[in-house]
Amino acid sequence: MSQTPAPTDSPFTAPAWIAAASVLGLVSALIGDGVFDVVSWVVFAALIGLVVRAWVKRAR
């Protein structure tokens, strides 16, 4: 009996990556200073960029 492969276009893929990035940014901000602060700022700037990109794309 053959199994069908799992679909790669799951609607939960993008939100899962966004949630993982958010957790990474939050944990990085709470753990330490220096490079951890840079990582958290970069992650949150990227997440804000994703929101702006989706907003502009939707407005068209």
Novice: Is there a side-chain contact between Ser40 and Val43 in this structure, where contact means two heavy atoms from C-beta onward sitting under 4.5 Å apart?
Specialist: no
Novice: For the atom pair CG (Leu24) and CZ (Phe44), what is the distance rounded to the nearest 0.5 Å?
Specialist: 8.5 Å
Novice: Do Leu26 and Ile18 belong together in a cluster built from hydrophobic side chains that touch within less than 4.5 Å?
Specialist: yes
Novice: To check you understand the geometry: which heavy-atom pair defines the closest contact between Pro15 and Pro11, and what is its length?
Specialist: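 Looking at all heavy atoms of both residues, the shortest contact is CD-O, 3.4 Å.
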Novice: Going only through I, L, V, M, F, W and Y residues with side-chain contacts under 4.5 Å, is there a path from Val42 to Leu50?
Specialist: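 They do not share one cluster, since no chain of ILVMFWY contacts under 4.5 Å joins Val42 to Leu50.
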Novice: Any chain of hydrophobic side-chain contacts (each under 4.5 Å) joining Leu47 to Val38?
Specialist: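 No, separate clusters.
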Novice: Between CD1 of Ile31 and CG of Asp37, what distance do you get to the nearest 0.5 Å?
Specialist: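 Ile31 CD1 to Asp37 CG: 11.0 Å, rounded to 0.5 Å.
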